[in-house]
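Below is one structure; the comments refer to it alone.
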Number of protein chains: 2
Amino acid sequence: MKLSKKKYGIENCYLSNHCLPEWLPAIEANKKIYEVKKGELVFKEGEPVEGIYFVYSGKLKVHKKWASDKELILRFATDGKILGHRGLSTNNTNYPISATALENSVVCYIDMNFFHCTLKVNTKFAYKLLMFFADELQESERKMRNIAHMSVKGRLAQTLISFKNQFGVNEDGSLALELSKQDVSSYIGATYETLFRILNELIEEKAIEVSKRSIKILDLAKVEDLATREI
Amino acid sequence: MKLSKKKYGIENCYLSNHCLPEWLPAIEANKKIYEVKKGELVFKEGEPVEGIYFVYSGKLKVHKKWASDKELILRFATDGKILGHRGLSTNNTNYPISATALENSVVCYIDMNFFHCTLKVNTKFAYKLLMFFADELQESERKMRNIAHMSVKGRLAQTLISFKNQFGVNEDGSLALELSKQDVSSYIGATYETLFRILNELIEEKAIEVSKRSIKILDLAKVEDLATREI
DNA sequence: CGACTTCTTGATGTAACTCAATCCCGGTGG
DNA sequence: CCACCGGGATTGAGTTACATCAAGAAGTCG
């Protein structure tokens with residue numbers, strides 16, 4: 001991860017979009033823009049929290065380690081999203097999770113001290129962020145219940161629906177998110193092999209179509225049914 | 001759940017503890033105190049969000065439904081804690097979870113409109129709440145990973161440790177939280193029978209002692225080991 | 001073209017769920 | 001006071017979904 005030499009504005013950034021206009025110059029003065037290569041780590045679980053990141057472009061995953069080679073992917077972040085906000089806490093000073101770029105990305109870094117100032121000065125932003133956190137918490141707990149009680153097939157169906165909603169589809173109808181099967185399985189909390197078998201089941205049922213790194217939903221009703229029937 | 005006739009101050013309440021002193025009269029004027037009987041619902045998943053609650057006394061569980069008879073308990077709330085803050089969100093206007101009293105409790109209700117005002121006026125409180133949400137999110141994601149990858153035994157051990165930290169122990173060393181086995185199993189995301197067997201294993205290993213509705217940790221080192229070894 | 005991931009599939013193991021039977025205990029009514 | 005009842009606690013047996021392991025096929029990159 002290295003400082004970008006190119007100049008980036010502060011247009012497409014959660015922070016600047018919700019701040020007071022008079023605060024923008026301060027942000028401009030304090031931000032740092034980093035270019036992150038595919039596969040590169042933005043920050044790592046256990047490291048001390050130093051700042052917060054806003055995604056300008058690219059795709060990243062937020063994940064929590066497990067044993068030596070396992071992980072659980074908690075969410076994916078694309079442009080306009082926040083990264084590292086889980087480190088926002090006074091008593092816990094280390095990142096509880098890691099963030100890794102899935103493709104070459106550009107992120108905007110804000111020092112934590114300055115960010116805390118921002119929060120205190122921009123009450124509207126703080127309010128906005130609070131709502132964002134409430135949503136994240138809801139989503140997190142929904143996912144937790146699913147992992148606890150739903151079958152892998154149901155979770156996969158839910159994941160497909162949420163990918164569709166979050167990232168949309170390409171012209172050909174495939175999900176606009178290229179993920180390795182490895183990542184998908186880490187996201188739904190299953191092994192690679194299990195995911196593979198379940199994908200095949202769905203293909204046989206003509207519910208989806210898989211090619212290379214992309215997935216297309218053929219029978220949305222069926223997938224939606226699978227995603228909700230067990231709840 | 002019915003309005004309390006008794007007068008309650010606003011001392012032991014997350015809201016009043018973190019607000020501007022000059023805002024306290026407004027809170028006083030807007031609060032409603034409810035008495036909740038054991039087993040009674042404070043609010044229910046799916047219902048429209050109308051307000052937020054602060055626990056004065058008692059113990060409650062926050063849970064998410066599943067099928068007809070299953071549930072996942074997300075957390076327990078005792079005095080000083082917040083309830084219903086998951087409903088704090090502009091786009092989602094229904095509670096994503098339910099809250100039920102485990103024993104007779106007293107809660108303080110604040111209308112959501114007034115609460116939003118409070119947030120806008122009391123920036124320090126909003127900030128405090130933001131930190132609280134960050135912590136909740138961390139905890140939620142830690143628990144999610146555990147449910148995804150940890151054995152029931154490991155999760156139980158973690159749960160015992162966290163109960164000890166959150167609720168403390170009685171003079172006799174037993175956890176100061178009386179729960180039915182049903183509730184414990186819903187909290188760790190396992191069935192009643194499985195929990196029972198695992199409890200027995202731990203008893204045979206002389207790690208814990210169980211009587212009626214209380215649990216005592218005998219061998220803390222062992223429980224701590226179980227709680228961390230798989231991570 | 002060989003080394004090296006990533007994919008695919010089968011075989012096997014097992015933790016945990018499910019269902020059902022029995023046990024235990026407190027309450028209730030005769 | 002005791003027999004009876006009901007519901008939670010306990011235990012057992014069977015089933016299943018999923019993980020694990022292993023090994024071959026197929027891309028892919030120098």
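What you see is a predicted model, and the numbers here were worked out from it, not measured in a lab. Heavy-atom basis, side chains included; hydrogens, waters and symmetry copies ignored. Order of the sequence lines sets the chain letters (A, B, ...), proteins ahead of strands, with each chain counted from 1.
- For D183(A) and K61(A), the salt-bridge test passes: some basic side-chain N is under 4.0 Å from an acidic carboxylate O.
- OP1 or OP2 of dT11(D) has at least one side-chain nitrogen or oxygen of N200(B) nearer than 4.0 Å.
- Distances were taken from every side-chain heavy atom of R197(B) (C-beta onward) to each of dT18(C), dC18(D), dT20(D); the shortest belongs to dT18(C).
- Distances shorter than 4.0 Å separate none of the side-chain N or O atoms of K153(A) from OP1 or OP2 on dT16(D).
- Using a 4.0 Å heavy-atom cutoff across all strands shown, S151(A) reaches sugar-phosphate atoms only and no base atom.
- Ion pairing of E141(B) with K64(A) is absent here, as no side-chain N (NZ or NE/NH1/NH2) approaches a carboxylate O to less than 4.0 Å.
- Side-chain atoms of E35(A) do not come within 3.5 Å of backbone N or O of S105(A) as any donor-acceptor pair.
- Nucleotide dA16(C) holds its C1' atom 12 Å from the CD atom of E201(B), rounded to whole Å.
- One interatomic measurement links the two molecules: CG of L72(B) to P of dC17(C), which rounds to 12 Å at whole-angstrom precision.
- Taking atom CG of L195(A) as the reference point, atom P of dC18(D) lies 12 Å away to the nearest angstrom.
- Between the side chain of N94(A) and the backbone N or O of G46(A) there is at least one donor-acceptor pair closer than 3.5 Å.
- Checking the phosphate oxygens (OP1, OP2) of dC18(D), no side-chain nitrogen or oxygen of T194(A) falls inside 4.0 Å.
- Taking only distance into account, the side chain of E193(A) meets the base of dC21(D) through a donor-acceptor pair shorter than 3.5 Å.
- At whole-Å resolution of the value, CG in L156(B) and P in dA16(C) are 11 Å apart.
- As rounded to whole Å, 15 Å separates atom P of dC18(D) from atom CD1 of I147(B).
- Here dC17(C) presents its P atom at 12 Å from CD of Q182(B), a figure rounded to the nearest Å.
- At the phosphate of dA9(D), OP1 or OP2 sits under 4.0 Å from a side-chain N or O atom of Y192(B).
- Here dT11(D) presents its C1' atom at 14 Å from CD1 of I203(B), a figure rounded to the nearest Å.
- Rounded to whole Å, atom C1' of dC24(C) lies 13 Å from atom NZ of K181(B).
- A heavy-atom distance below 4.5 Å is not found between the side chains of E209(B) and L202(B).
- Considering only side-chain N and O atoms, T191(B) lies nowhere under 4.0 angstrom from the phosphate OP1 or OP2 of dA16(C).
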